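The structure appears right after this line, and notes come after that.
All figures in this text were calculated on a predicted structure; none of them were measured in a lab.
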Amino acid sequence: MFNKVLIANRGEIALRIISTCRRMGIRTVAVYSEADSDALHVKEADESCFIGEASPAMSYLRIDKILDATKEKGCEAIHPGYGFLSENAEFASKCLNSGITFIGPSAEAIRLMGEKHKAKSVMEKAGVPVVPGYFGEEQSKQCLLKEADKIGYPLMVKAVLGGGGKGMRVVQKKEDFGAALASVENEARNAFGDSRVMLECFVKKPRHIEFQVLGDHHGNIVHLFERDCSVQRRHQKIIEESPSLFFDNKIREQMADAAVIAAKTVEYTGAGTVEFIVGDDSSFYFMEMNTRLQVEHPVTEMITGLDLVELQLRIAAGEKLNLTQSKINKSGHAIEARIYAENPATGFLPSTGELQKIAIPETVQLEKAPSQEADELSSSSLRIDTGVEEGDHISINYDPLISKMIVHADTRKNAIKAMRNALEQTAVIGVDTNLSFLQSIFLDGDFEESQQDTLF
């Protein structure tokens with residue numbers, strides 16, 4: 001096992017990784033920008049290293065500075081968290097060439113899954129169902145319009161390198177196609193440096209269902225069940241839960257098998273997520289594979305009692321997965337809600353400023369997360385993952401996530417009750433938040449009956 005790991009990230013995910021490393025006796029090194037000199041992840045890590053200006057392009061996205069810090073501090077491995085360089089094939093490759101372990105999949109797997117049109121072609125050849133559409137290289141407006149007519153409306157225009165809710169538009173009719181295409185191309189060019197798009201048939205009443213997978217360097221691949229991530233705003237998840245009550249065990253097993261096939265096809269190592277879109281007729285299609293730890297990974301941890309960060313570390317260190325599919329159990333129901341500094345009334349625009357006061361309910365600590373024993377599920381439990389504290393400043397430079405609130409109970413009904421109670425006891429002063437918006441979702445009748453889809 002590693003003696004020292006550098007965490008190439010910030011905020012709550014950096015603190016999440018620090019927590020597991022501390023429990024495992026692994027020393028941690030935090031990196032920080034000018035804006036994060038007093039950040040919580042810097043205080044909690046064993047060591048820290050300054051890497052540049054507040055702008056991510058001058059700090060957290062600088063591969064050279066990250067690698068220099070890793071060597072300077074004598075770290076054997078880098079954990080990229082999520083976002084920033086976590087799905088950067090060049091970064092993974094340079095880590096390997098520098099003799100540093102990248103805690104994630106191979107550069108080849110990241111590269112293949114990163115270009116969504118190529119990923120869909122690979123999955124289609126492997127027998128994994130994909131959404132009908134156009135994934136070709138020809139990108140002229142005339143060609144795309146012709147292909148759109150073949151697919152029919154409504155359809156989705158998606159950036160080839162899209163992610164995080166960026167680079168996606170639903171087009172309801174032909175007359176709107178040109179404007180939507182231009183909008184996606186422009187957003188993709190600015191966000192990903194690549195304006196290429198693909199077209200997909202729009203699935204009616206779509207559900208966003210994803211499966212957590214794990215693969216080691218010995219050819220073993222398992223899944224850790226599904227997460228329903230259908231409640232979104234601006235195509236970005238805000239509430240995730242497991243299990244999904246939308247489909248039966250037969251469909252669940254078919255999707256799980258498809259997820260494992262997808263991971264095996266690219267010889268996946270580490271923690272990853274295979275994402276599907278599911279129609280109202282329970283037909284499901286591969287959307288993409290996220291080659292990293294997901295924001296919503298605590299949902300899976302709560303129902304399985306497993307520590308995904310620990311498993312990532314063990315896999316990266318070359319250990320064999322001490323898990324077989326038949327021995328992975330799930331218990332109860334877990335739901336996560338993301339608390340953001342944003343204003344729902346203004347289209348969810350980020351809100352910046354000082355966190356003058358944060359009030360949160362008492363929580364169950366991460367180290368004491370529920371096990372798989374049924375007798376421990378009689379009452380609900382609460383977990384809070386956060387990367388900020390009172391006095392911190394929410395900056396325009398980074399994602400405005402304040403905290404993730406995760407509840408676990410024996411049933412979905414009781415989990416919803418627990419979440420309502422937890423949100424009622426939560427307050428943030430100094431910035432606008434989506435707390436009231438989240439409360440309204442958990443009070444909604446359709447959500448309570450598990451009738452939500454991605455248009456909810």
Side-chain angles (χ1 to χ4, degrees), residues 1-33 36 39-52 59-111 214-220 267-272 291-294 297 306-323 366-367 387:
M1 183 48 64
F2 310 113
N3 293 311
K4 190 187 291 188
V5 170
L6 182 134
I7 303 168
N9 218 297
R10 64 180 300 280
E12 67 87 14
I13 188 57
L15 283 158
R16 166 69 189 87
I17 296 164
I18 289 169
S19 177
T20 289
C21 286
R22 180 180 293 137
R23 180 173 57 78
M24 294 177 68
I26 301 170
R27 291 183 61 80
T28 54
V29 175
V31 292
Y32 65 94
S33 68
D36 281 340
L40 199 52
H41 76 282
V42 178
K43 297 174 184 176
E44 289 294 315
D46 296 300
E47 301 175 52
S48 61
C49 190
F50 174 70
I51 54 169
S59 51
Y60 296 105
L61 291 174
R62 285 287 299 271
I63 293 175
D64 56 340
K65 291 189 175 183
I66 298 291
L67 291 177
D68 286 345
T70 306
K71 296 170 185 175
E72 177 189 330
K73 295 295 183 177
C75 299
E76 304 124 292
I78 295 175
H79 196 307
Y82 56 71
F84 293 136
L85 296 170
S86 63
E87 293 181 283
N88 187 303
E90 180 189 357
F91 181 48
S93 181
K94 287 189 174 182
C95 286
L96 179 66
N97 295 336
S98 300
I100 298 165
T101 300
F102 176 78
I103 301 174
S106 67
E108 291 75 17
I110 295 173
R111 190 174 291 110
L214 287 171
D216 64 19
H217 293 277
H218 307 276
N220 301 303
E267 299 180 351
Y268 197 81
T269 54
T291 54
R292 54 171 168 79
L293 195 67
Q294 293 278 80
H297 76 274
L306 299 170
D307 184 328
L308 292 184
V309 174
E310 177 180 346
L311 290 167
Q312 282 187 300
L313 290 162
R314 294 193 180 282
I315 290 169
E319 294 185 20
K320 189 174 181 180
L321 263 177
N322 192 26
L323 293 170
L366 179 61
E367 291 82 357

State, to 0.1 Å, how close [X] and [Y] come at their nearest heavy-atom pair, and which atoms those are.
X      : Y      : value
Ala89  : Arg111 : CB-NH2, 3.7 Å
Val5   : Cys75  : C-SG, 4.0 Å
Phe50  : Ser33  : CE1-C, 3.9 Å
Thr28  : Cys21  : CG2-CB, 3.4 Å
Asn9   : Pro80  : ND2-O, 2.8 Å
Ile110 : Pro105 : CG1-CG, 3.7 Å

*asked:* Under the ring pair (Phe, Tyr, Trp, His ring centres under 6.0 Å) test against Tyr60, which residue among Phe84, Tyr82, Tyr32 passes?
replied: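 That would be Phe84.
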Checking the side chain of [X] only, and the main-chain atoms of [Y] only, is there a donor and an acceptor separated by less than 3.5 Å?
X      : Y      : value
Lys4   : Lys73  : yes
Ser19  : Arg16  : no
Glu76  : Asn3   : yes
Thr70  : Ile66  : yes
His217 : Ala317 : no
Glu87  : Thr291 : yes

*Of Leu323, Thr269, Leu321, the residue whose pairing with Asp216 passes side chain to side chain contact (heavy atoms under 4.5 Å, CB included)*: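 Result: among Leu323, Thr269, Leu321, Leu321 is the only option passing the side chain to side chain contact (heavy atoms under 4.5 Å, CB included) with Asp216.
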*Ignoring hydrogens and angles, state whether a donor on the side chain of Gln294 or Arg292 is under 3.5 Å from an acceptor on the partner side chain.*
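Yes.
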To the nearest 0.5 Å, how far apart are [atom1] in [X] and [atom2] in [Y]?
X      : Y      : atom1 : atom2 : value
Leu6   : Glu47  : CG    : CD    : 10.0 Å
Leu67  : Ile78  : CG    : CD1   : 5.0 Å
Arg22  : Arg27  : CZ    : CZ    : 11.0 Å
Ile103 : Arg314 : CD1   : CZ    : 12.5 Å
Ile13  : Ile18  : CD1   : CD1   : 10.5 Å
His297 : Leu308 : NE2   : CG    : 6.0 Å

_Contacts of Lys43 that satisfy salt bridge (charged side-chain N to carboxylate O under 4.0 Å, His left out) - sequence neighbours left out_ =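 With neighbours one apart ignored, the set is Glu389.
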*Report the C-alpha separation of Ile63 and Asn88 in whole Å, then their side-chain angles, then the decisive distance to 0.1 Å, and conclude whether the side-chain contact (heavy atoms from CB on, under 4.5 Å) test is met.*
CA-CA 10 Å; Ile63 293 175; Asn88 187 303; 4.1 Å; yes
*Flag the pair Gln312 / Ile17 as yes when at least one side-chain heavy-atom distance between them is below 4.5 Å, and no otherwise.*
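Result no, sub-4.5 Å side-chain heavy-atom pair not found.
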*asked:* Counting C-beta onward and ignoring hydrogens, is there a side-chain heavy-atom pair between Asp36 and Val31 closer than 4.5 Å?
replied: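 The answer is no, as the side chains (C-beta and beyond) never meet within the 4.5 Å cut-off.
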_Are there over 12 heavy-atom neighbours, none belonging to Asp64, within less than 6.0 Å of that residue's CG?_
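More than 12 heavy atoms, drawn from other residues, nucleotides or ligands, come within 6.0 Å of this atom.
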*Is there a side-chain contact (heavy atoms from CB on, under 4.5 Å) between Ser106 and Glu267 once you walk through the steps?*
CA-CA 9 Å; Ser106 67; Glu267 299 180 351; over 6 Å; no
*Given the rule in the side-chain contact (heavy atoms from CB on, under 4.5 Å) test, do Asp307 and Arg23 qualify, once you have shown the distances and angles that lead to the verdict?*
CA-CA 11 Å; Asp307 184 328; Arg23 180 173 57 78; 2.7 Å; yes
_I'd like to know whether Ser59 forms a side-chain contact (heavy atoms from CB on, under 4.5 Å) with Ile51, so could you lay out the CA-CA distance, the side-chain angles of the two residues, the decisive distance to 0.1 Å, and finally the verdict._
CA-CA 5 Å; Ser59 51; Ile51 54 169; 4.0 Å; yes
Identify every side-chain donor-acceptor pair in residues 90-99 under 3.5 Å, counting partners at least two apart or on other chains, and give the distances.
unit_1 : atom_1 : unit_2 : atom_2 : d
Glu90  : OE2    : Lys94  : NZ     : 3.1
Asn97  : ND2    : Ser93  : O      : 3.3
Ser98  : OG     : Lys94  : O      : 2.8

